[in-house]
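It should be emphasised that the depicted structure is a prediction, and the values quoted were computed from it without experimental measurement. The first residue in the sequence is number 1, and the count goes up from there. When a ligand or atom number is given, it counts from 1 through the structure's own listing order.
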Amino acid sequence: MMRTARTLHRVTPHLMRRTAHEVGTPTYVYDGDLLDAAVRRWIDAVGDAGRISYAVKANYNLAVLARLARHGIGFETATVGEMCRVLQAGIPASRIILGGVPKTAEAVAEGMRRGVAMVVVQAAHELDAAIAVSREAVSERPARVGIRVRPGIRAGAHPSLETGRADAKFGFHPTDVPDAWSALASAPGVEPTTLAVHLGSGLEELDPYARAIDVLLPLVQRVAAGPCPVRELDLGGGLGVAYDDVADDLEPSHVVRIVDRRLAGLEISVRYEPGRSIAARAGTLITRVLDRIEREGTPALVCDGGFTDFGRYSLYGAQHRIEPLDGETEGPPTVDVLGPTCESGDRLGTDRPLHGVRPGDLLVVRDVGAYGFVMASNYNARPRPAEVMIDESGWRIVRARETLEDLWRGEVVG
Ligand code: LLP
């Protein structure tokens, strides 16, 4: 099996040292070539860039969005803020989906008024909003609407990442879908086209995709005789990344093969919304070691980057590779890698073979291009990190480190 490209092409140790020197730490660095390679794997597997909507929640830096847009793919957004970021990157509304997460009626209306390619509704009030807006709109083409289905499938790398389970907050129960579909089909300015699911994130097996199709197909058949048959299944994202770098990544082609086999002979198109599998490998977080402490049991490195900068260990126990930028890792004892804030739970990882690392050294946390910067916070009044892109145009800051003034923007004293 071919191994996923995970070597950083352009992000050399030299450029990471330069990054630390010029913009300080912690800083996110993105490799443009790895972003391209990951998108191309999806396009090669699906065969049509137009059927891929990158889930921008994974990483919505404007430079990342603009780079991905060159490949002709679409963009899935969860909020008006994400939608406006994509527009701000110079990408037209016609390439954007406003996706199936809980939304206000106002958000549904905003998406439709801006002319996005599709709004996915996932609750009755969103459906009502779509119908209400379609009545007032003077658009020539009916607005495309999808319905998110809650398939009742458990899948995902952590309970917080299981979004398709029966007790999840997302989507219509399958038995409610035919009525929701009919309501849209009989409204004047909207056209239901798509049944959507997102099973969960960090999937390490493919079976959930096949099971989702088994839930969706009877619904497709139920509405087939009506005025608006289902034209598209949107299977969401979910493909995991082997953060330990030991296992092989599942490839987009594996998902597509299973799905296409299940749908053989049917006239229905399939959309995918990958996030992590496009952005994760392209990102590295550089942090500097402030201190080395000897605790009872495990020694630890205290770094200037912590869970406010990269939260995936604290939130999901995700063990990303952490390596010294210079020098070799040494054998036991292993060390914990801690952040600088006022909580003992502030960790980047635990039990790492980083014995020889000293205060002042630089560490790199790998595969943080997805759900890294986007989940950073200002807790402890810490400015969020800078972001740097390295590609064929060279080295450049694509988001400046926040300043102290950024921390109180919009606040008033008394
Ligand atoms: N489509 C929808 C409707 C979604 O909710 C998501 C992710 C995706 C697509 C993209 O899924 P992906 O291919 O990235 O798995 N903060 C968590 C991830 C939460 C993802 C939620 N939804 C983490 O750090 O793992």
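- Counting heavy-atom neighbours within 6.0 Å of Arg222 CZ, excluding the residue itself, gives a total of 12 or less.
- Crowding of Glu22 atom CD: a count of heavy atoms from other residues, nucleotides or ligands under 6.0 Å exceeding 12.
- Heavy-atom proximity to Met375, at under 4.0 Å, picks out these atoms of ligand 1: 16 (N), 24 (O).
- Nearest protein neighbour of atom 1 (N) of ligand 1, counting heavy atoms only, is Glu273 OE1, 2.6 Å.
- Put simply, no part of His158 is less than 4.0 Å from ligand 1, judged by heavy atoms.
- The proximity of Leu161 to ligand 1, defined as any non-hydrogen pair under 4.0 Å, is limited to the side chain.
- The shortest contact between atom 14 (O) of ligand 1 and any protein heavy atom is with Tyr371 OH, 2.6 Å.
- Summary of contacts: the protein heavy atom closest to atom 17 (C) of ligand 1 is Tyr316 OH, 3.2 Å.
- Side-chain atoms of Thr193 and Arg231 include no donor-acceptor pair closer than 3.5 Å.
- In terms of protein heavy-atom proximity, atom 12 (P) of ligand 1 is closest to Gly238 N, 3.4 Å.
- Taking both residues in full, the closest heavy atoms of Pro324 and Leu354 are given as CD-CD2, 3.5 Å, listed atom of the first, atom of the second, then distance.
- Within a 6.0 Å sphere centred on CD of Glu343, heavy atoms belonging to other residues, nucleotides or ligands number more than 12.
- Every atom of ligand 1 is numbered from 1 in the order shown, and the set under 4.0 Å from a heavy atom of Gly275 is 12 (P), 13 (O), 14 (O).
- In this pair, Tyr28 and Phe373 present their aromatic rings perpendicular. The plane angle is above 60°, beyond the 30 to 60° band.
- Annotation for ligand 1: atoms under 4.0 Å from non-hydrogen atoms of Ala55 are 8 (C), 9 (C), 10 (C).
- Residue contacts with ligand 1: Ser277 is excluded, as none of its non-hydrogen atoms falls under 4.0 Å.
- When each atom of ligand 1 is checked for a heavy atom of Arg312 under 4.0 Å away, the hits are 23 (C), 24 (O), 25 (O).
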Next item on the list: Could you walk me through whether Val86 and Thr77 pass side chain to side chain contact (heavy atoms under 4.5 Å, CB included), step by step?
Entry: CA-CA 8 Å; Val86 178; Thr77 60; 3.7 Å; yes

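- For atom 8 (C) of ligand 1, the closest non-hydrogen atom of the protein is His198 CE1, 3.5 Å.
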Margin query: Please determine whether salt bridge (charged side-chain N to carboxylate O under 4.0 Å, His left out) holds for the pair Asp36 and Arg70, giving the CA-CA distance in whole Å, both sets of side-chain angles, and the decisive distance to 0.1 Å.
Written below: CA-CA 9 Å; Asp36 291 347; Arg70 291 199 220 156; 5.3 Å; no

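- Of all atoms in ligand 1, numbered sequentially from 1 with element shown, those under 4.0 Å from a heavy atom of Ser201 are 7 (C), 11 (O), 12 (P), 15 (O), 20 (C).
- Set against the non-hydrogen atoms of Arg148, the atoms of ligand 1 under 4.0 Å away are 3 (C).
- Ring-plane geometry between Tyr243 and His320 is classed as tilted, the angle between the planes lying from 30 to 60 degrees on a 0 to 90 degree scale.
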